[in-house]
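Lettering follows sequence order; numbering is per chain, from 1.
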There are 2 protein chains.
Amino acid sequence: MKYKKSAGQNAKERILDVSEKLFAEGSFASVSVRTVTSAANVNLSAVNYYFGSKKGLFQAVYIRRATLMNHERLGLLQKAVGKAQQEGRSVSVRELINAMLTPPIFWLYEEEKGLSGYIRFLARAYLEAASDMENVLSQEVDVFDKFVPYFQEVNPSLSVEDIYWRIHFIMGVMHHTINHLDRIGLLSHTACSVETREQTRDRMVAFCCEGF
Amino acid sequence: MKYKKSAGQNAKERILDVSEKLFAEGSFASVSVRTVTSAANVNLSAVNYYFGSKKGLFQAVYIRRATLMNHERLGLLQKAVGKAQQEGRSVSVRELINAMLTPPIFWLYEEEKGLSGYIRFLARAYLEAASDMENVLSQEVDVFDKFVPYFQEVNPSLSVEDIYWRIHFIMGVMHHTINHLDRIGLLSHTACSVETREQTRDRMVAFCCEGF
DNA sequence: CTTCTTTCTAAACGTATGTTTTAAACGATA
DNA sequence: TATCGTTTAAAACATACGTTTAGAAAGAAG
């Protein structure tokens, strides 16, 4: 009853890899199924065979790594919480924002495993028609919800409304950096050069910490 | 030699109005010429007649109000500079950021004149293929360049690199708010409700000031 | 009215799109 | 080897796309 599917698995994964990259660089409508299949060296009908439809492919690209990144974020959060408890203090704003921003920014620099493509894909998916991609939004929202109580704890004077607004701004800093990191040299007339992922992350964390 | 063109002007403007809105809500590729023309109640060929091509229409939408907003920004900058000179001090960070953010955010709330559509159109145009829309980017970049010396003056310890990174983050806060203002209620589980344009602007300015 | 330019309309062109269909090729099991 | 589920392949389908064309309608100028 068990079939090897070795070639099939490869084709399926190859399609996912390729479309992740293509959807990261262009909108859903601007990337055609034919572009995907020819780039992945598979037959045209493979997309519909494996994913039912173009939209199905898009969602499959999203789902493939959806849980992974948020797991990383929650992992960092847990780690910070544990360390703070051990030292008998509450989690700092810096630790919280660090946990929110480190995974996506580190992924952004991880060209090799395709994580960079996924993170850019995600940032773009946010701008696709809301009706089709509500799950994309809600998943990340759910994770950020878990951060709210800690923000409240470290700064009780802030209302829940204030906190969500600040989280919203942090997401802005994050998404914009993901979308335009490669153009920051152009923006600054080469005043800003390529940095390590840590340097970029630290710049963002510093900016957002003060904003909070 | 002079022709009235009254109906023509109306049709042309109507096309621009409609496509501004449509391009604000969907990507370039996802908005078809037929959708535009039928929404504008004009003949299908009107787009090619007036603008040469679909891309020509897109750029026309951009150009129509491009100078206006940056004029507003520079006006606010000049005003702040004049006031500061009169009071014998240098321009504050708050005044600078205020001049950068007030025009786009106020426009965002200006549903009536279509300015809201334009500002959302602009934010989306940033994500279109860079090769086609480089002028969109460069125009705003040119304006922000004019702010750099003042940021340096008020905070001489910052390098040009630092300043551009912060401007980049401010643009992130701005773009994200433009793109997702209507979804902030969803993000916050209705903790955040609709605010006045001044309230939203002040939140953004406050966050970015501290970040700077 | 006639003339000429501009604007609008309807139809068609050629191509690109997502999807479906048909059958061949493959791989493991029996 | 024969069988059956799975995967690949080629072709066709129907539709949607951006663009072009040819001509009608409208309006100002002579």
- Note on the structure: Across all chains, not counting sequence neighbours, the side chain to side chain contact (heavy atoms under 4.5 Å, CB included) partners of B/Arg64 are B/Glu13, B/Leu16, B/Asp17, B/Glu20
- Note on the structure: Its dot-bracket string being built from Watson-Crick and G-U pairs below 3.5 Å, with | for another strand and [ ] for crossing, DNA chain D has the pattern ||||||||||||||||||||||||||||||
Any N/O pairs under 3.5 Å between the protein and nucleotides 20-22 of chain C? List them or say none.
none

- Message: I need the OH-P distance between B/Tyr50 and D/dT19, as an integer number of Å.
- Response: 17 Å
- Query: Within this structure, what is the CG-to-C1' distance between A/Leu22 and C/dG18, rounded to whole angstrom?
  - Reply: 16 Å
- Return the orientation label for the A/Phe121 and A/Phe23 ring planes: parallel under 30°, perpendicular over 60°, tilted otherwise. tilted
- By side chain to side chain donor-acceptor pair (under 3.5 Å), which residues pair with A/Ser53, not counting sequence neighbours? none
- Message: List the residues meeting side chain to side chain contact (heavy atoms under 4.5 Å, CB included) with B/Ser30, not counting sequence neighbours, and say none if there are none.
- Response: A/Ala29, B/Ser27
- Atom-to-atom span, CZ of B/Phe51 to P of C/dT7 - whole angstrom: 12 Å
- Message: Over 60° means perpendicular and under 30° means parallel, so tell me whether A/Phe151 and A/Phe212 are parallel, tilted or perpendicular.
- Response: parallel
- Query: Which residues satisfy the side chain to side chain contact (heavy atoms under 4.5 Å, CB included) test with B/Glu111, sequence neighbours excluded?
  - Reply: B/Ser116, B/Arg120
- Applying side chain to side chain donor-acceptor pair (under 3.5 Å) to A/Asn179 and not counting sequence neighbours gives none
- Message: Does anything in residues 26-36 of chain A come within less than 4.0 Å of DNA chain C? Heavy atoms only, and list the residues if so.
- Response: A/Val31, A/Ser32, A/Val33, A/Arg34
- How long is the line joining NZ of B/Lys55 and P of D/dG18, in whole Å? 13 Å
- Message: What's the closest nucleotide to the side chain of B/Asn43 if the choices are C/dG18, C/dA10, D/dT19?
- Response: C/dA10
- Message: For B/Asn48, give me all partners under side chain to side chain contact (heavy atoms under 4.5 Å, CB included), at least two apart in sequence or on another chain.
- Response: none
- Query: What is the distance from CG of B/Asn10 to C1' of C/dC8, rounded to the nearest Å?
  - Reply: 14 Å
- Message: Please enumerate all residues that pass side chain to side chain donor-acceptor pair (under 3.5 Å) together with A/Glu210, with sequence neighbours excluded.
- Response: none
- Those residues at least two apart in sequence (or on a different chain) that pass side chain to side chain donor-acceptor pair (under 3.5 Å) with B/Asp145 are A/His189, B/Tyr164
- Item | Between P of D/dT7 and NZ of A/Lys12, the distance in whole Å | 8 Å
- Message: Please enumerate all residues that pass salt bridge (Lys or Arg N to Asp or Glu O under 4.0 Å) together with A/Arg34, with sequence neighbours excluded.
- Response: none
- Message: Could you tell me how far apart A/Asn41 (CG) and D/dA10 (P) are, to the nearest whole angstrom?
- Response: 12 Å
